[in-house]
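Heads up, the thing below is written out as structure tokens.
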Amino acid sequence: MAPIMSVLESDLRSLSLEARRRYPSIKDGAEHAILKLRSLSGPNEIAHNEDILKIFLMACEVKNVKLSVIGLSCLQKLILHDAVAPSALKEILATLKEHGEMADESIQLKTLQTILIIFQSPLLPDNEENMARALGICLRLLESNRSSDSVRNTAAATFRQAVALIFDHVVSVESLPIGKFASGGYISRTSSVTSDVNRNINSLESFEQEFSSGQFSTKRESLTKSGSLGLRLLEDLTALAAGGSAIWLRVSSIQRTFAYDIIEFILSNHVALFRTLAPYEQVLRRQICSLLMTSLRTNSELEGEIGEPYFRRMVLRSVAHIIRLYSSSLITETEVFLSMLVRAISLDLPLWHRILVLEILRGFSVEARTLRVLFLIFDMDPKNTNVVEGMVKALARIVSNVQFHETIEESLAAVAGMFSSKAKGIEWSLDNDASNAAVLVASEAHAITLAIEGILGVVFTVATLTDEAVDVGEIDSPKGDDDTPANCSGSTASLCLSMVDSMWLTILDALSLILEKSQGEAIILEILKGYQAFTQACGVLHAVEPLNSFLASLCKFTISAPVEVEKRSAVQSPGSKRSDLSVDQRESIILTPKNVQALRTLFNIAHRLHNVLGSSWVLVLETLAALDRAIHSPHATTQEVSAAPRLTRDSSGQYSDFHILSSLNSQLFESSGLMHVSAIKSLLLALRQLSYQCMATIVNSAGQGSGQKIGSISFTVERVLSILVNNLHRVQPLWNDVVDHFLELGDCPDQKLRRMALDAMDKAICSVLASDHFQDLLPSKPNVASDNVSSEYTELRSLECAVISPLKVLYCSPKNVDVRVGSLKILLHVLERHGEKLYYSWPDILDLLRSVAQASEKDLITLGFQSLRVIMNDGLSTIPADYLQVCIDVAGAYGAQRTELNISLTAIGLLWTSTDFIVKGLIYGPKEVTESVQGESQKNDDLSSNFYSKASDQVSMLNIVDRDKLLILIFTLLQSLGADGRPEVRNSAVRTLFQILGSHGQKLSKSMWEDCLWNYVFPTLERASHMVATSSKDEWQGKELGTRGGKAVHMLIHHSRNTAQKQWDETLVLILGGIARILRSFFPFLRSLSNFQSGWDSLLLIVKDSILNGSKEVVLAAINCLQSTVVSHSPKGNLPLEYLISVLSVYEFALQKSPSCSDGAASKVKQEILQGLGELYVQAQGMFDIGMYNQMLLIFDSAIKQAKTASNNFEAEYGHVPPVQRATLEILPLLRPAQHLSEMWSPFLGTLLQYLPRAYPSLNNSEDDVEKASSEDNITDPDHSLEVPNGTSLTSSNTKSQRSMETDMAANNLFAEKLVPVIIDLFLQTPPNEKYNNFPDIVQGLGR
């Protein structure tokens, strides 16, 4: 048995037991029903058997409370289990009607419960009579004066549920969408506007999509039976709400608020009925809308029920649902409703009434779909009223009127409290004992809060719709990777643009006012969220004017001036396009919490819109520059919300507001690496504009406020560098913008700005050259000319030249020398740090350095030369081969400049450095040239052959032709510098020229040597010799050092260098020394050159001329030139005999001709010649024959005799041998004949014996006696000669007067005294045969 069967049997037993005394018929019927029930199997059979139902109806008819309760309970069970036939519904309803009129409360509640079960079961009335009877029961119990509150409440709830079930059934029967839309009129008191907007978007989206699909887009005129029943019910409810009677429901009247509540419920939960079924729409349009319009058209004196807040709330909620859900079909009615609502705000209505209207308008504002539909229908249609714009203006008027309230401070504090409570998720409330004034203030604050939230709702709605347009592709995302021009097309995008254009100024005025007046943290955050949302939407939509205005207004709240200044300053219009952020740095800067939050909001906007801000960057940058000044100001502080204590940067720790803001400021520009290139260009342009504005102010302000402006320019420069550093991977398109900014600063009249520009340029160039991107572009150095570099290096060429080119622009600045100096310092840094990476920019660099060499400023030349030194010392290996020649030529230009002597000297040293590089880094040349050099060396010089025999496997980057060109260039420069008018320069050049030839001559080919000798060496020698002969002998005055006593004071110059001729003497000495070096090193090889003999003859002529006319140092140098050559090569057999003879002839000539120098110098020269001759004989005695030996003895004899006749008496008087004779005494032991010249011992010793004195007559003897003595002393005249074994005659003239002969005799006696030991020593060394033959002469000569 089914459970229901046993339950019914139990109920029947209870009914029988209760009725056994007073109602036997019911008792008998119950027992009969029990027996009948047992024969049935389930609810279906019960439905077809009326006995069971009748017994329960009989129990109800007696109207006994207990029996009625049992009967109604059993009826409910039967209905719930579908055990009642539909035909019995009428009888059941009649029974329920009777029970509804009973006075017992339990019976009434049981009756209402049963009616609800009927509507929930398949017995739902399907005809007008049963429907009206069932609903009538509920309404009568609702309106009955005898009904208790619980019954009324239950009746109201039952009626509401019944109506819902009826219309649900209609929707089902009419095959309409089942979706329901929950009421949007509820105002959350514990959530923010943003969350309300998001929630309403989610609830509306699916609903709108369902009706926009097209399935129910057409209206249906016909209705089903159930649809007609629902329509009749709706019409009666409308009549009741209007205060009339319900004809069909047979109810004269009910509370109008209840009727409005039911209608509002139907409108909000069964939208499909009114959108799809035409009869329902007509009722809505003609009856319900008319009713609502009538209810809204009330004056300020509301009486009775219509004046109650609950009634007004119901009316407004119903109006809100019509506007929200049916505006697309009820355009005129919606326009009227909205106009009435907007007008009601400004009417003299009770404050609570206006608050109710504001709640409705606030609800519209936070619903993106509703606001979108309203704007599309009305504001975007020229035929209709701009209702949305009007609504926003009405809300803005509520906000703007706050400044005229007498209790403005209390109201704003209450508004801030309400926002603070919502931020915490709690409901704001007054204290229980609050006064009427406090309640009034709270009510006004509530109205203001609703208006603010309404405006913010519009803001967030615009932002939400803009995001939707981005999502569907109608607008390009500001964070997208595409750098194409902005695309702004589509319905949603056009809608958003129209909304912004129509409302932005109103919204800005309201938000800026409330932000200025408010102090609470929560309301400030909410307003700033609105600023951020709307500004970002304007940026995405490319609405430039609203964007700039909102940014300018926001920037006004970022930096606070001191309180005193604020009180004196006028309030700036919130719609202004620019904000004046100039804060005197001498005043303290206080960052309030509002300032800090506004700055954070500004950073958020900038991060979000960095790709689309464009020209609006200027507004942002002005604020960020002011913030940067505040961060770096020692007087800036932040302020706590509570007030008095100020939080300084020292006490706030590392996470203070200053640290956070500074970090955000830096991160904004560091994130530029994620921006589009076009966006970065816009940012750079804005920075440049800000810098230009500040520069113009500095120039025009005559120093007032220049510190601020310089700080702003410093900010722009730092940020440009930050952008550059973070975009090095794509620096090419940005470089010109960066450089143009710095060049513009570099041309500024202010020196600080120029210095700042130069430092920034230095950092920028070095950053690019040090970047990984530049390193990746670097190729391996090609071995071809730079003009032929393949196209794959085009990008590197373009970038490198662009990076270096600003230096030339800076240097060419005609206004400021410090800029030119700075450009050279930058170049020096670049070369020191990154010179090895440069390749294509060398022509520009070298051209710049060449132009520097032509400058007249010492500082410029010094810096330019420092760069050249870096290149020549460390960078020659990295310079392309094509530019080495230019580099060397630039070094020559610095050597030739006349501004700084030391630089010229050092430049000459750099030429030597470049020669070392060229020679060491290159191969020796073509095989045949190298072999010829080596062959000649091996024939003549075993030692030097070691140099030429070295083979090199090194791969050269230049061929021999290029090498020769470079060396010829160096020699040409040195030759030119060797003729410089400054002695130090030309002497250094001469030294360098010959040091190069001496150090690297073994690597030069024959052709190169010939070129060097005939084009550089001998021309240099001839020019110097000519200048020695023609230069002035006038004494120079040294450099003027100052004045003393009205007379100029000059630097002292040594007497040996105080004339031009003496300076050229030094040069000639260096040249002769250089020639001597190369002859010593390469004489065997040089002899193999064509025309070397003519060169040798030219050298001998110049040497003879130098000996005859030159100074002592020149003569000595000339002698040493020949001497060193002969001495170096004669022992090795590398010196041909004719060269030796020619040298002997020069020595003989030198001794025969008296030099033009002083007597002391001439004596020194003769000593050098004699010593050289002795050393020559020692080294080359194997080459001497008898004739050459006799010639040598003749030379010595001539020198000794000249010394006897021209010696200084001073030395004789004081017992000293004259220098020449003393030198002769030292050299004579070296002249002993070699082994192959043993027969020359007799002439040699005989010659020495001639210098010994004889016995002289007295001084009183006659002149004849003197002549005899002289004859006996072998001092002969030219006509008299003394024969020697080889036939050689030694002659001497005797023209002395008697007095000079006396002094000569004294000198000769001293000389003879020193000579005797020498003769004896030489005689002991004589070979035995010669010793025997010469012994008598020795004994006779010595006088022993």
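Note that the coordinates shown come from a computational prediction; the quantities given were computed from them, not determined experimentally.
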Hey, are the side chains of [X] and [Y] touching, using non-hydrogen atoms and a 4.5 Å cut-off?
X	Y	result
Pro806	Met761	yes
Val399	Asp509	no
Ile723	Ile680	yes
Ile448	Asn401	no
Asp501	Glu545	no
Leu613	Leu551	yes

How long is the gap from [atom1] on [X] to [atom2] on [Y], to the nearest 0.5 Å?
X	Y	atom1	atom2	answer
Lys709	Ile713	NZ	CD1	9.0 Å
Glu526	Leu515	CD	CG	12.0 Å
Ile452	Ile514	CD1	CD1	3.5 Å
Ser616	Phe550	OG	CZ	13.0 Å
Leu541	Cys496	CG	SG	5.5 Å
Ile559	Glu622	CD1	CD	12.5 Å

For residues [X] and [Y], report the shortest heavy-atom separation together with the two atoms involved.
X	Y	result
Ser365	Thr461	O-OG1, 2.7 Å
Asn595	Thr558	CB-O, 3.1 Å
Val612	Val540	CG2-N, 4.4 Å
Ala469	Ala493	CB-N, 4.1 Å
Val462	Val500	CG1-CG2, 3.8 Å
Cys766	His834	O-NE2, 3.5 Å

Going by atom types only, do [X] and [Y] share a side-chain donor-acceptor pair under 3.5 Å?
X	Y	answer
Ser671	His610	no
His607	Gln536	no
Ser662	Asn665	no
Ser712	Arg629	yes
Ser672	Asn727	yes

Would Arg362 and Glu367 pass as an ion pair if we require N to O under 4.0 Å?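 Salt bridge flag = no for Glu367 with Arg362.
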
May I ask you to say whether Asp747 pairs ionically with Arg754, meaning some side-chain N is under 4.0 Å from a carboxylate O?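 So Asp747 does not pair with Arg754 through a salt bridge.
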
May I ask you to decide if [Y]'s main-chain N or O and [X]'s side chain share a donor-acceptor pair within less than 3.5 Å?
X	Y	result
Gln597	Leu525	no
Trp735	Ala802	yes
Ser663	His659	no
Thr535	Tyr531	yes
His632	Asp628	yes
Glu474	Thr492	yes
Ser691	Leu687	no
Asn611	Ala679	no
Ser512	Leu508	yes

Walk me through whether Glu718 and Lys763 qualify under salt bridge (charged side-chain N to carboxylate O under 4.0 Å, His left out). CA-CA 10 Å; Glu718 291 175 1; Lys763 295 176 182 177; over 6 Å; no

Is the number of heavy atoms from other residues, nucleotides or ligands under 6.0 Å of Lys825 NZ greater than 12?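 No, NZ of Lys825 has 12 or fewer neighbouring heavy atoms, counting only those of other groups under 6.0 Å.
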
Quick check: are there more than 12 heavy atoms from other residues, nucleotides or ligands sitting under 6.0 Å from CD of Glu409?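 Incorrect, the count does not exceed 12.
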
Listed once per pair and sorted, the salt bridge (Lys or Arg N to Asp or Glu O under 4.0 Å) pairs that draw on residues 591-620, sequence neighbours left out: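 Pairs touching residues 591-620 that pass the test: Asp467-Arg608.
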
